S.K.: 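Got a structure for you, written out below as structure tokens; questions coming shortly.
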Amino acid sequence: MQTSIFNVLTWAKPPVTLLAPPFQTFPSLLIIAPRRKLKYNNNFKGRTKKEGNYHRSRSGSRGGIYRAMPCSSIVTTDNTRADVGGGGEENGRFRKFKLNHSTFLASLMPKKEIGADRFIEAHPFYDGRGAIIAIFDSGVDPAAAGLQLTSDGKPKILDVIDCTGSGDVDTSKVVKADGDGRIRGASGWASLVVSSSWKNPSGEWHVGYKLVYELFTNSLISRLKKERKKKWDEKNQEEIAKAVMHLDKFEQKHTKVEDPKLKRVRGDLQNRMDILRNQADTYDDKGPVIDAVVWHDGEVWRVALDTQSLEDDTKSGKLADFVPLTNYRIERKYGVFSKLDACTFVVNVYDEGNILSIVTDSSPHGTHVAGIAAAFHPQEPLLNGVAPGAQLISCKIGDLRLGSMETGTGLTRALIAAVEVVNEHCLIFVSSAGNSGPALSTVGAPGGTSSSIIGVGAYVSPAMAAGAHSVVEPPAEGLEYTWSSRGPTADGDLGVCISAPGGAVAPVPTWTLQGRMLMNGTSMASPSACGGIALLISAMKGEGITVSPYSVRKALENTSIPVGGLPEDKLTTGQGLMQVDKAYEYIQKSQDFPCVWYQIKINQSGKSTPTSRGIYLRESTACQHSTEWAVQIEPKFHEGASKLDELVPFEECIELHSSDNAVLRVPEYLLLTHNGRTFNIIVDPMNLRDGLHYYEVYGIDCKAPWRGPLFRIPITITKPKAVMNQPPLVSFSRMSFLPGHIERRYIEVPLGASWVEATIQTSGFDTTRRFFIDTVQICPLRRPIKLERVITFSSPTTKSFAFPVVGGQTMELAIAQFWSSGMGSHETTIVDFEIVFHGIGVNKTEVVLDGSEAPIRIEAEALLASEKLAPTAVLNKIRVPYRPIEAKLCTLPSNRDKLPSGKQILALTLTYKFKLEDGAEVKPYIPLLNNRIYDTKFESQFYMISDTNKRVYAMGDCYPKSSKLIKGAYTLQLYLRHDNVQYLEKMKQLVLFLERNMEEKDVVRLNFFSEPDGPVMGNGTFKSSVLVPGKKEAFYLSPPNQDKLPKNSSQGSILVGAISHGKLSYAGQEEGKDPRKNPVSYQISYLIPPSKTDEDKRKGYSAACTKPIAERLEEEVRDAKLKVFGSLKQDTDEGRSEWKKLAQLLKSEYPEYTPLLVKIMESLLSRDNIDDKTRHYDEVIDAATEVIDGIDRDELAKFFSLKSDPEDEEAEKNKKKMETSRDQLAQALYQKGLALAEIETLKGEKASVLAAIEGTKDSDQTGGQSAVGSDVQSDLFEENFKELTKWVDLKSSKYGTLSVLRERRCGRLGTALKVVNEMIQDDGEPPKKKLYELKLSLLDEIGWSHLSTYERQWMHVRFPPSLPLF
């Protein structure tokens, strides 16, 4: 995601480097959550267990109950001046200590580790006051403990914003109140009473509604569903008990039921009981609906909600009793939906009242982050956040529609909101490094992607381990969490700037029903660091020291305490554990020096690209000779810097240092001016041993060496071990592990290798051990390839696994014993690890079959050792291409979509239509946009799939998921945002694929042959062989047979699958037949060709041509007249008069022509706005009767009593004619029956129905009353109904409504309801609204209020009035 906003949000406007993020987008972590599997690059088995670590993987998979956010915390402040201090000596490590009550509480919210407690003790008024922290996360609950006031009594939270749009409500509909102060709510449930005390000068009320579950997290919804289901079950059991009682009384009175009428009555009672029981099994609570009302009181926009549907007490939650809210930043007030959910919300109004944003959090994560940074607990100061005096802005970027994952829209709006608060753009960005360690180069976006952001790693101290984590025996020294991401970045930057405590017990939202929760991760470390920075800013503002992001960062880096004693530990911890007090001393001392950021650009001499921020020699070829690198250092000043007073006088004498002169050679001095300088570095890695090496070149101010490094150039060298054995094997024996220990090995993967078979053997320990095993390869122009495994050993044993590799690229193998695994045990774990490389080289990796009958020739060879060649290929997915039928480009109206430059963001909505002949799981696939969020030019993408009723079945973003859809027609809308209209214009014809997984029985398995004509001749099948190095072998891949293609697969669609060539050495005979389960597979695709010519159509056309020309002409003229007649509109009296005249004329011209009579009946049925309904239905009855009388029913009955010969062409033609006549007869009988029932209802002829209803309610009179209702002499309805039963199944969805009406008029409401349910289930397509309205009326008539309420809630899901906002 790259928009112009990123160009204005860094203080000195350095270029923002947005690299392809390694392994996940925004790193995330949350504890106390079920473990989920992660997948990487589709070919890798991901990490199956990771304590509290849930984030988005490289392939876009998402995990975790509470999807944790990046916690990009931003400290904002005004531009002011003041003074500084030296480095710190305390190393933050604890030995031989015991917790008491105070130290235990302090360990829950760690501050001692970073010197924050010492700083506040020395400077009690510099506790964050004057600093504003914007939390880019899942949202902050303003009612959470410690988040109401600052330490000096100011409001803690200045604003709460939903930047995602997930809480948006369309309130563009405007209504007026009647004389009683009532308005019609958007939900349509009932009229709403507005309070007479509310001022509304215009008298206009904007109305909208929201399904409240759309505002809640999955965990809250789960809790509410359980509690609501319990209450619903109680009501349902009461009704079941009544139904059982009525049935029991009936059976006691009628011990022997033989009379058909009594059998139907008993069946009705049984049906009622069955419906109630079945409803309990199929209960799926979609949640209550809340009505929203927005109005302008003459000063501000006001909002009120009607939440009666959430309350048990019908007197609670009324609209008129709601205390109106306005935009949070104006009055800083919030509401709670109900006591049951205990969920806090705030509101914001946009676009002149047309959009209401109801803001709730999308997980507890954001509130937890806010608590770490700035919570204030006056009664228990030890639980304060790091900066209790700081104020907060909550920018929710976690979209509830996506399970709390961030979106580009959310990030852009959050940045706009942050800039709006601080007009001068003086922002300091702090972000988590990520949770994808322990391997190197796992630092995520954005923490490691830009030097303008302070990336923070996660540190755990002994006190945190003992207190917050409650381990049996804490470590003797502090260390980085095992899963904390490591540098360097792909372009050589350190990636991790500093470290901070990565765990805390902090406040969480009220809906969790607890005050605090333990979470750990780098997204806990970043708010800890952010709070520390807020302390520094508070002091700088208080002392009049100019606040600069670069002076703050420099102070943090130059005063941090190293964690670990090796140079390469910086790749894990950055410059070390931050120390607030020492950093402030440094700032005080440095205040008179220019606030300058040193931009570093590095190129290898002789090459203009790529430009990097460090030097990263990873491959073996780079370590075989010396290299020279050109380093450009350019000072960057703030935007308003004076040319004469600041730029011209700037001149620094820099002494250059190398951390190892034997490896790095640099000039001794550099005179640096405003325009920058370039110098060269020579790197000589030839004499280094195999493994990891880290060095730095840094510049010291000659006049003030105490300032420490003004800039650093990181140099990382990984010298891989060459694999010389034959067969290619490498082993690492007797590696010793203690908790938190990491062993790294670097291997040059042999050319030709494509997969690895690895074995790990453990020994020498007692209690359970948990190991992380990571491998990483970095390849050009693609995201790093990473394997993640967590293996738990309950006893010494051996485990094997396989994974793909890329030949010729260095592979890091990182083996780590989890930091808390084995604590309390003094046994050392011994690990033996063996890797065997395998590879089969082929001339075609990704195979494309063009739709012809020609096979594809594939050559294979073993490049390392003998391998078994056993090719297998399947096609298991189908992708159908679509182009948009509509493209709408608009300018977004609200200020939340207005960039700081004044430019308004534009939105393009593309509409696609598709139809499914059968139910299926489908997934949108957009090759240009999918699986990219930070490395795409488009700010945001979002899609929505809905049916013809506007019911939304799926929503997603750049990481689409499969959604289960039933048979029917659907609309997919794709929403793209950017500020450049030219980019969006180019996307108006964007091709989108719908990808569908084929059922296992439909999967196409391809065949292999040893000769090119094998697919045609059917001989020469190729199964397997043994490949010997140096000798190639060829075989042919056959395209699929046409009869094996999926039905309804259209021309241009693509079948997609996988092909593999080898199998694991330890695989069994039956294993390896599925290429998707083999360690290495490649994509294979087949383009579906044009379908075969339909011979039946050609025959039909030939037969039609045999008629005489005059007869054909007469038929064409007649059909044209009917077409015109059918298109006539009947909206006005004049139109109806013209229609009637033409109908009479056509009837006289074509007497007894059944299609004409059917067309007349259909035209009558299509009329709207009918005044005299009785007369209208009489006309329908007359028209239907004409159709019925015009069909020879005896001839029809005679025909269908005999079987026709399917081989006889004339007989088949006559069969189709007869089937058409039968369908016309059935439709006429059906419509006549409906019209008769409507007339009966209109005239109030319900006596028999009412008698039957009373009978079912009073068991003593059941038989008699039912008998009365059943003994009514056959009337027109009954006669018509019986006639229809001769021709069609009246339980089908097409004609079942008539059965329902018959059962209803006979008082058998249970049976009627059963028929409606069967019709709904048999419909097979998006349901028809009239069926559910009929069901609702039956439920109301029976008196099952709990079921009618349940169905009405579902009506808003199935039949919403409009699509939701993007």
Side-chain angles (χ1 to χ4, degrees), residues 41-44 723 725-729 749-757 777 779 785 802-809 835-850 852-876 1004-1040 1055-1086:
N41 295 332
N42 297 324
N43 294 325
F44 291 80
V723 181
N725 304 352
Q726 284 297 330
L729 175 151
V749 177
L751 282 170
S754 52
W755 81 89
V756 158
E757 294 177 12
Q777 286 186 284
C779 302
I785 303 169
F803 55 92
V805 293
V806 175
Q809 301 290 142
I835 292 176
V836 181
F837 293 96
H838 295 266
I840 294 177
V842 291
N843 64 328
K844 297 180 187 297
T845 51
E846 294 190 0
V847 178
V848 177
L849 296 162
D850 58 12
S852 70
E853 289 74 15
I856 297 291
R857 183 177 183 273
I858 298 175
E859 291 182 357
E861 63 178 326
L863 299 175
L864 302 177
S866 297
E867 299 284 358
K868 184 172 183 180
L869 176 63
T872 178
V874 298
L875 298 169
N876 63 321
V1004 180
R1005 288 171 169 76
L1006 302 180
N1007 298 317
F1008 297 87
F1009 295 89
S1010 56
E1011 54 188 63
D1013 294 329
V1016 178
M1017 303 300 178
N1019 55 11
T1021 301
F1022 183 89
K1023 296 292 184 182
S1024 64
S1025 67
V1026 176
L1027 290 174
V1028 179
K1031 185 177 179 182
K1032 293 184 179 181
E1033 187 158 348
F1035 54 90
Y1036 293 86
L1037 170 64
S1038 170
L1055 296 183
V1056 180
I1059 181 172
S1060 67
H1061 306 286
K1063 60 190 297 186
L1064 298 175
S1065 61
Y1066 51 79
Q1069 188 66 30
E1070 295 301 315
E1071 294 182 78
K1073 292 186 177 180
D1074 187 346
R1076 296 163 292 181
K1077 295 181 181 179
N1078 289 335
V1080 178
S1081 62
Y1082 307 99
Q1083 180 172 299
I1084 181 173
S1085 54
Y1086 173 75

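Both backbone and side-chain heavy atoms feed into the values below; hydrogens, waters and symmetry mates do not. These figures come from a predicted structure and were not determined experimentally.
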S.K.: Do the side chains of Leu1064 and Trp755 get nearer than 4.5 Å, heavy atoms only?
M.R.: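 Yes, their side chains come closer than 4.5 Å.
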
S.K.: Are Glu1011 and Asn1019 close enough, and set up right, to give a side-chain contact (heavy atoms from CB on, under 4.5 Å), and what steps lead you there?
M.R.: CA-CA 9 Å; Glu1011 54 188 63; Asn1019 55 11; 3.5 Å; yes

S.K.: Which atom names give the shortest non-hydrogen contact between Lys1032 and Glu861, and what distance separates them?
M.R.: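 Lys1032 and Glu861 have their closest heavy atoms at CE-OE2, 3.5 Å.
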
S.K.: Between Glu859 and Arg857, does at least one N-O distance fall below 4.0 Å, as a salt bridge requires?
M.R.: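 Answer for the salt bridge query: yes.
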
S.K.: Picking from Glu1033, His1061, Lys868, what satisfies side chain to side chain contact (heavy atoms under 4.5 Å, CB included) with Leu1027?
M.R.: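 Only one option passes, and that is Glu1033.
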
S.K.: Would you say that Val1016 contacts Glu853 through its side chain, given a criterion of any heavy-atom pair below 4.5 Å between the two side chains?
M.R.: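 In short, these two side chains do not touch, never coming nearer than 4.5 Å.
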
S.K.: Would you name the heavy atoms of Leu751 and Leu864 that are closest together and state the gap between them?
M.R.: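 Heavy-atom minimum between the residues: O-CD2, 3.4 Å.
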
S.K.: Between Thr1021 and Phe1009, does a side-chain contact (heavy atoms from CB on, under 4.5 Å) hold up when you go through it step by step?
M.R.: CA-CA 4 Å; Thr1021 301; Phe1009 295 89; 3.9 Å; yes

S.K.: Any side-chain heavy atom of Leu849 within less than 4.5 Å of one from Leu1006?
M.R.: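 A side-chain contact exists here, since the closest heavy-atom pair is under 4.5 Å.
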
S.K.: Which atom pair, heavy atoms only, marks the closest approach of Leu1037 to Ile1084?
M.R.: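 Distance-wise, the nearest heavy atoms are CD2-CD1, 3.3 Å.
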
S.K.: Would you name the heavy atoms of Ser754 and Gly839 that are closest together and state the gap between them?
M.R.: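 Taking Ser754 first and Gly839 second, the nearest heavy atoms are OG-CA, 3.4 Å.
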
S.K.: Keeping the roles fixed (side chain from Gln809, backbone from Gln777), state whether a donor-acceptor pair exists under 3.5 Å.
M.R.: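 Checking the backbone N and O of Gln777 against the side chain of Gln809, no donor-acceptor pair under 3.5 Å is found.
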
S.K.: Can you see which heavy atom on Ile785 is nearest to which on Cys779, and at what distance?
M.R.: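 Closest approach of Ile785 to Cys779: CD1-SG, 3.8 Å.
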
S.K.: Atom CD1 in Ile858, atom CZ in Phe1008: separation rounded to 0.5 Å?
M.R.: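 Separation between the atoms: 6.0 Å.
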
S.K.: Drop me the distance from His838's NE2 to Glu867's CD, to the nearest 0.5 angstrom.
M.R.: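 The CD atom of Glu867 is 5.5 Å from NE2 of His838, to the nearest 0.5 Å.
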
S.K.: Show the nearest heavy-atom pair for residues Pro871 and Lys1023, with the distance to one decimal.
M.R.: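 That would be CD-O, 3.7 Å.
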
S.K.: With heavy-atom distances below 4.5 Å as the criterion, would you say the side chains of Pro1075 and Ile1059 are in contact?
M.R.: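 No; the side chains remain at least 4.5 Å from each other.
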
S.K.: Look only at the side chain of Asn725 and the backbone of Leu729, and say whether a donor-acceptor pair between them is shorter than 3.5 Å.
M.R.: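 Side chain of Asn725 to backbone of Leu729: a pair is present.
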
S.K.: Rounded to the nearest 0.5 Å, what separation is found between the OG atom of Ser1081 and the CD atom of Glu846?
M.R.: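 Answer for the OG-CD pair, Ser1081 versus Glu846, is 10.0 Å.
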
S.K.: Please report the interatomic distance CG(Asp1074) to NZ(Lys1063), rounded to the nearest 0.5 Å.
M.R.: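 It is 12.5 Å, given to the nearest 0.5 Å.
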
